[in-house]
Protein chains: 2
Amino acid sequence: MSRPDLSSEKREAFLPVIARAFAEHGYRRATTAKLAEACGVRENVLYRLWPDKKAMFVATIEYMYRLSADAWSNVIAKVGPGQSAAERVLAYSSEHHGELGLYKLIFAGLTETDDPDVQKALRDMYARFHKFIAQQIAVHRDENNGKIPRNVELAAWAFVGLGTVVGIGRELELLGPVQRKNLMREMGALLLSGGD
Amino acid sequence: MSRPDLSSEKREAFLPVIARAFAEHGYRRATTAKLAEACGVRENVLYRLWPDKKAMFVATIEYMYRLSADAWSNVIAKVGPGQSAAERVLAYSSEHHGELGLYKLIFAGLTETDDPDVQKALRDMYARFHKFIAQQIAVHRDENNGKIPRNVELAAWAFVGLGTVVGIGRELELLGPVQRKNLMREMGALLLSGGD
DNA sequence: CGATACTGTAAGTGTTCACTTACTGATCTT
DNA sequence: AAGATCAGTAAGTGAACACTTACAGTATCG
């Protein structure tokens, strides 16, 4: 018995760096050598913290989800002037969407979907996002009597799609910052209201 | 002078097979060996038709776009009972979305966006889809007085996003066929009408 | 026919990359 | 201080893969 195990602390410390590298280069191009260099260590060290590269990627997805979820929770927690929580999240998203690089990560992951672990991580992340958004919409529409109606479920998926296309537009340089913001805000409002 | 050059015919003949392989395995995992095997030839032969793997991929994206565009054109050309062309495309999409495997291809391409040729191919494809959809919406709303208003532009992007999330839902097995159909149909109708 | 190009087969080649092994030094517990 | 485990360095290994080269066969033209 000797020396405490600092593995989990190391993991937490490296994750932001690894996440940045994955978001920047995608899965394949983010070689383990690059990841290690970005972390300032040898590849070896990373392999003592995770069994393989795939595990690093899955951990990154979970980390990025946590980051986004935290940001949204903060926005909701703030007491705003006459806006519903959903409206505040929408306003926040239209300003800061894509800054975390989550979407590049998702696109990278979507091409690795023949790996069951990666697929599961992505599925869980999407499902949680969807659930979160659906609840926000339901509360906003004041329809939150325990059960979320089907329309809200669908609107929440459309919302996720909106976020995705904004991410793609950013990635492919099809949409400028102003367009992205307008798209998120105006179509987001339409989905929030449900056309009423 | 001897023997006519059948290269372009060969390319056309191989493209569907190559497209299928790319859609099935993504970019990296669709190795040139696999592509050749699927085509029933040696890798060599493919390299006489395209300069490199990237060119095969770009050609595949263009091919798949052509396929989708043709399908939509056919739907529009058919004279329907009291439905606008946009409504017919929507109905068609909600039934057949994703069958061509275009979305897997897009996800594969999105992780290769540091390659300018791939990025350009994707950007062109998205831009053309967006333009097409925007025109359909404009005609449907009877606002087609020469210029497409901003709302319609945004709605068209949201539409693209809707298609994308349906593709993701299919890929990650988050959405079943019925859900996908409902999502496309109901949220598509909302975007078509613009909430009026 | 015979020259010229196209078509297909077979076997490399050089590189990249995920992952390993061997070893040295540091640090904590008893 | 001893013993054990952790932390970091350096080099290497084997496999996968994009792409090439060399060559034998064949169809098409003058």
Side-chain angles (χ1 to χ4, degrees), chain A residues 1-15 17-19 21-22 24-61 105 108-109 111-118 121, chain B residues 1-15 17-19 21-22 24-61 105 108-109 111-118 121:
Chain A
M1 317 292 143
S2 62
R3 292 190 70 174
D5 185 0
L6 300 176
S7 297
S8 49
E9 285 87 341
K10 286 266 167 189
R11 271 189 282 266
E12 287 303 309
F14 286 151
L15 264 183
V17 183
I18 291 178
F22 272 129
E24 200 163 330
H25 301 106
Y27 183 77
R28 299 274 169 174
R29 294 183 112 99
T31 63
T32 51
K34 274 184 194 161
L35 294 180
E37 196 195 339
C39 292
V41 294
R42 305 271 162 184
E43 300 181 55
N44 210 359
V45 177
L46 297 185
Y47 279 96
R48 281 206 275 255
L49 298 173
W50 292 278
D52 50 26
K53 186 184 174 184
K54 193 184 71 188
M56 302 176 205
F57 187 69
V58 169
T60 300
I61 291 175
L105 214 64
T111 45
E112 307 293 326
T113 46
D114 46 353
D115 182 295
D117 293 335
V118 172
Chain B
M1 315 297 142
S2 63
R3 292 188 73 172
D5 185 359
L6 301 175
S7 297
S8 50
E9 286 87 340
K10 286 265 168 189
R11 271 190 282 265
E12 287 303 309
F14 286 151
L15 263 183
V17 183
I18 291 178
F22 272 128
E24 200 162 329
H25 301 106
Y27 183 76
R28 299 275 168 173
R29 296 182 109 100
T31 63
T32 51
K34 274 184 196 162
L35 295 179
E37 196 196 340
C39 291
V41 295
R42 304 273 164 184
E43 301 181 54
N44 208 357
V45 177
L46 296 185
Y47 278 96
R48 283 207 274 255
L49 298 173
W50 291 278
D52 50 26
K53 186 183 175 184
K54 194 183 70 187
M56 302 176 204
F57 187 68
V58 170
T60 300
I61 290 175
L105 213 64
T111 47
E112 306 292 327
T113 45
D114 46 352
D115 183 294
D117 293 335
V118 172

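To find a chain, count down the sequence lines: A is the first, B the second, and so on, and within it residues start at 1. Reckoned from all heavy atoms, side chains included, excluding hydrogens, waters and symmetry mates.
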Can you tell me the distance, in whole Å, between the CZ atom of B:R28 and the C1' atom of D:dA16? 13 Å
Partner of B:T32 under side chain to side chain donor-acceptor pair (under 3.5 Å), picked from B:E37, B:E43, B:R42, is B:E43
Would you call B:R29 and B:E24 a salt bridge, using N to O less than 4.0 angstrom? no
Tell me: CZ of A:R29 to P of D:dA18, nearest whole Å? 13 Å
Mark yes or no: A:K53 above the aromatic ring of A:Y27, with NZ or CZ under 6.0 Å from the six-membered ring centre and no more than 45 degrees from the axis. yes
B:K34 near the nucleic acid: base, sugar-phosphate alone, or nothing, with a heavy-atom cut-off under 4.0 Å? nothing
For B:K10 and C:dA5, give me the distance from atom NZ to atom C1', rounded to whole Å. 15 Å
Does the base of C:dT21 carry an N or O that pairs as donor and acceptor with the side chain of A:N44 under 3.5 Å? yes
Rounded distance in Å - CG (B:L49) to P (C:dC6): 12 Å
D:dC17 P sits how many Å from B:Y47 OH, rounded? 12 Å
Need one value for A:T31: base, sugar-phosphate or nothing, where a base atom within 4.0 Å counts as base even if backbone is also close, heavy atoms only. sugar-phosphate
Do the non-hydrogen side-chain atoms of A:Y47 and A:M56 ever get within less than 4.5 Å of each other? yes
Rounded to whole Å, CD of A:E9 lies from P of D:dC6 at a distance of 13 Å
Would you say D:dA18 has OP1 or OP2 under 4.0 Å from some side-chain N or O of B:T32? yes
Check the distance between C:dC23's C1' and A:R48's CZ and give it to me in whole angstrom. 11 Å
Rounding to an integer number of Å, can you tell me how far A:K53 NZ sits from C:dT16 C1'? 11 Å
Which of the following nucleotides, C:dG8, D:dG8, D:dA10, is nearest to the side chain of B:V45? C:dG8
